[in-house]
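Values in this document were obtained by computation on a predicted structure and should not be read as measured data. Order of the sequence lines sets the chain letters (A, B, ...), proteins ahead of strands, with each chain counted from 1.
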Protein chains: 2
Amino acid sequence: MGKGNHMRSVTIDDVAKKAGVSIKTVSRVVNREPNVRAATKEKVELAIKELNYRPNQSARGLAARRSYMIGLLYDNPSPNYLANLQSGVLEACHEKDYGLALNPVSFHDPDLIDTVVHWVRQSFIDGVVVTPPLTDSVPLLNALHAENIPAVVISSRGTGDAPAALIDEEAAAYEMTRHLIGEGHSRIAFIKGHPDHYASGLREKGYYRALREENLAVVPDYVQQGFFDFASGQKAASKLFDLRDRPTAIFASNDDMAAAVIFEAHSRKIEVPRDLAVAGFDDTPLSRQIWPGLTTVRQPIRSMGHQAADVLIDTLSAGKDAGKERRDLTQFDFELKLRGSTARA
Amino acid sequence: MGKGNHMRSVTIDDVAKKAGVSIKTVSRVVNREPNVRAATKEKVELAIKELNYRPNQSARGLAARRSYMIGLLYDNPSPNYLANLQSGVLEACHEKDYGLALNPVSFHDPDLIDTVVHWVRQSFIDGVVVTPPLTDSVPLLNALHAENIPAVVISSRGTGDAPAALIDEEAAAYEMTRHLIGEGHSRIAFIKGHPDHYASGLREKGYYRALREENLAVVPDYVQQGFFDFASGQKAASKLFDLRDRPTAIFASNDDMAAAVIFEAHSRKIEVPRDLAVAGFDDTPLSRQIWPGLTTVRQPIRSMGHQAADVLIDTLSAGKDAGKERRDLTQFDFELKLRGSTARA
DNA sequence: CTTCATGGTGACAGCGCTGTCAATAACCGT
DNA sequence: ACGGTTATTGACAGCGCTGTCACCATGAAG
């Protein structure tokens, strides 16, 4: 039992026969190689559709000496973030007939680099998408480059020669802070993100810039260290609440910490938004599921994942599709999502 | 650029030469096939180690007509649930040198079955792990069986011949309801899950059984339909709150809906747990991030994923590794997580 | 001592696809 | 119309591995 699965599936030969061309021509169409007459291409594409043909990855990999798989490198910062990103990446892979191999690693693993390089070599991974916070490991990025492993990073850091998908985090944080100021707040606290994450600094920078522009003083006590997780958010919130001159608004570097602020506020009977406005960053589902709804910054995570994979795959095929030149990633737009946690008094 | 990675890797021929045997014998050793003399086996294993040989998956897949990959079929019920499950499955795959291919599909897709079968055929997926709610599509399961595609389902339904990973949902709901009763509640409402999900019925059944055992009448108005999503939870909560004889406790069939109940309660100034106790099911991170913390039922999702994949892979290798017999899945334990949302008055 | 079974091994033919290269068709300018 | 290009296509040889089958030892059985 189990061996099963007899039923010869559609091969390139079937398509070739049906379209009345050689298998090589079919191969050309499938791989978007140049120099195929439009009419021929159409015939082949029709046959492909009718037979519902999909190339056999193993055969492809064997012949082309690559796996037609890209890897996703991550260190699960937040399941929501990752799930979104993954689905975007997966979508792109699907469109281009690439496979996706997942590799959860640990940022703090001392032989992170060996692990990754070995993995790529063993699995014949053609290229990798690197996600935060791994994008902030300069050694890792260097190693990938040195090993000649194509990579795209999803990061706000302009990372050397690896194409990057990003939003303007500084501007987003700036806008959010300005929004808070616009709502009449002047005692605005900030909870920083994990110091290892490059994005943390950018968000912080945006916060400062907005204060400066509005001539609001930066109160050192109002800037607390957090680490992007719920618990650190609680701790930071506690400290802020214990201040003699309690802030009227708290801007946390991500939604988890912002939720923690609201959690703490509840337990101290501080009413949000009446006594305290709270804003987050990321627009995770969580921001809609807590009460009151959390004002936050939305980034098109899914699209970013999609495009990152897209660019990576294009780069990989660049050899064949001679026309294509290396496409760098454009910057994505963010959006302020205003919800109950910052509603005007 | 990009093409990179030139470095002829070690092939089976190299190993064969070094060990002084034929490639077929190396293949036998690698695949743990019987009938290789111990001495020969050792020689080969030594050569493998010295050359650091790893079989090329593409070649293997092509020749053996299987991919050494298993598929994960899902219809993203909740990112948290999925992320957990996935990481368990991934772990098992890693241990057994299998790849994981993801396939997000839609439960309501009319040609779900075609899509899936085709995918399996074309990608040469060796077997699939089916997750809820797809596990409730009897046609799908039948099709997998008919098509002779090895599958394990993670479901509470004792699904015919496909091994299943499960917890006793009925008992879990029963325990939770009893807990509520034990806390002094007698007006306990229930929000049902999606009617297409088999688990929904089981949870409901557990609720009824507890009431019956305690001689509490079932109030029809107290049982509302939900669909496992936040919005449906809000709707159901609204209806319950509008009742003249409002329940003092609400048991929702999953955490998302329970969070929605709390959300609605907040917006109506109903205080949890003072005026209302709320319980959920699943122990998603959300249950710890809302205020008050949500009492819920924890299931070892990650372990379930791990074991499901484990069993599947074992089944797949059963053909070669002759000794092994098909191992069925054991039932997993659940656990009541008591938090603030049901704290005693 | 022959006759089988059976353990142990290797030769060989693909698996379905892509790279190479040669063949042919279409097009260019004069 | 002719030589020279360039665009388009196909024949064919593997890629590295496993399945099949044939082969040679052994040892048990007769």
Side-chain angles (χ1 to χ4, degrees), chain A residues 3 5-17 19-44 48 51 53-68 97-99 122-124 126 316-317 319-323, chain B residues 3 5-17 19-44 48 51 53-68 97 121-124 126 317 319-320 322:
Chain A
K3 306 238 47 180
N5 183 348
H6 296 302
M7 180 177 79
R8 232 183 50 70
S9 49
V10 190
T11 75
I12 199 172
D13 295 282
D14 301 323
V15 178
K17 201 162 299 165
V21 299
S22 74
I23 60 168
K24 181 61 209 182
T25 297
V26 176
S27 173
R28 288 200 176 90
V29 173
V30 170
N31 292 295
R32 296 174 173 68
E33 285 175 42
N35 300 336
V36 178
R37 202 178 313 167
T40 313
K41 188 172 171 184
E42 263 172 43
K43 270 194 307 187
V44 173
I48 289 179
L51 295 172
Y53 165 75
R54 318 233 63 194
N56 176 318
Q57 297 301 322
S58 293
R60 236 145 97 98
L62 183 57
R65 323 179 99 236
R66 44 211 202 91
S67 65
Y68 289 89
D97 276 323
Y98 262 71
Q122 303 264 280
S123 318
F124 293 91
D126 296 338
L316 294 174
S317 340
K320 352 200 87 200
D321 210 333
Chain B
K3 305 239 47 182
N5 187 345
H6 296 303
M7 181 176 75
R8 222 184 61 69
S9 45
V10 189
T11 75
I12 199 172
D13 295 283
D14 302 324
V15 178
K17 201 163 301 169
V21 298
S22 75
I23 59 168
K24 181 61 208 183
T25 297
V26 177
S27 172
R28 288 199 175 89
V29 173
V30 169
N31 293 294
R32 295 174 173 69
E33 285 174 43
N35 300 338
V36 178
R37 201 180 314 170
T40 313
K41 189 172 171 183
E42 262 171 45
K43 272 194 305 185
V44 173
I48 289 178
L51 295 173
Y53 165 75
R54 311 238 61 190
N56 176 319
Q57 294 303 318
S58 293
R60 232 146 100 101
L62 183 58
R65 328 186 87 233
R66 48 211 206 89
S67 61
Y68 291 87
D97 270 324
R121 293 288 175 238
Q122 292 291 165
S123 315
F124 290 90
D126 298 338
S317 336
K320 344 201 97 202

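- The phosphate of D:dG10 has OP1 or OP2 within less than 4.0 Å of a side-chain N or O from A:Ser22.
- Nearest-nucleotide positions on DNA chain C place B:Arg37 closer to the 5' end than the other of A:Val26 and B:Arg37.
- Atom P of nucleotide D:dC15 and atom CG of A:Leu62 are separated by 9 Å, given to the nearest angstrom.
- Closest of all the heavy-atom pairs between A:Pro55 and A:Val30 is CG-CG1, 4.1 Å.
- Within the nucleic acid shown, A:Asn56 comes within 4.0 Å of sugar-phosphate atoms alone, with no base atom in reach, counting heavy atoms only.
- Rounding to whole angstrom units, CD of residue A:Glu33 and P of D:dA7 are separated by 15 Å.
- Distance, B:Asp14 CG to D:dC17 C1': 13 Å, rounded to whole Å.
- Across all strands, B:Val30 comes closer than 4.0 Å to no nucleic acid atom at all (heavy-atom distances).
- Counting to the nearest Å, the C1' atom of D:dG14 and the CZ atom of A:Arg60 are 18 Å from each other.
- Residue A:Asn31 contributes atom CG, which lies 17 Å from atom P of C:dG16 at whole-angstrom precision.
- In this structure, B:Asp13 atom CG and D:dC17 atom P are separated by 7 Å, rounded to whole Å.
- Listed pair A:Arg65 / D:dG16 meets the phosphate criterion, a side-chain N or O lying under 4.0 Å from OP1 or OP2.
- Closest to the side chain of A:Asn35, from the set D:dC17, C:dT9, D:dT8, is D:dT8.
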Next on the checklist: Between B:Asn56 and B:Thr11, does the side-chain contact (heavy atoms from CB on, under 4.5 Å) criterion hold? Intermediate values first, please.
Outcome noted: CA-CA 8 Å; B:Asn56 176 319; B:Thr11 75; over 6 Å; no

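- With hydrogens and angles ignored, a donor-acceptor pair under 3.5 angstrom links the side chain of B:Arg28 to the base of C:dG10.
- Summarising the geometry of A:Val10 relative to A:Tyr53, their closest heavy-atom pair is O-CD1, 3.6 Å, with the distance given to 0.1 Å.
- As a whole-Å value, the separation of B:Lys43 NZ from C:dG10 C1' is 13 Å.
- Across B:Ile12 and B:Ser27, no two heavy atoms sit closer than the pair CD1-N, 3.9 Å.
- In this structure, the CD1 atom of A:Ile23 is 16 Å from the C1' atom of D:dT8, given to the nearest Å.
- When distances are taken from the side chain of B:Ile12 to each of D:dC17, D:dT9, C:dC17, the shortest belongs to D:dC17.
- Between B:Val15 and B:Ile48, the shortest heavy-atom distance links the atoms CG1-CG1, 3.7 Å.
- An OP1 or OP2 oxygen of C:dG16 is reached within less than 4.0 angstrom by no side-chain nitrogen or oxygen of A:Tyr68.
- Residues B:Ser27 and A:Lys41 both approach DNA chain D. Their nearest nucleotides, taken by heavy-atom distance, put A:Lys41 toward the 5′ side.
- The A:Lys24 side chain lies nearest to D:dA11 when the options are C:dG10, D:dC17, D:dA11.
- Using a 4.0 Å heavy-atom criterion, one finds that A:Ser58 contacts no nucleic acid atom at all.
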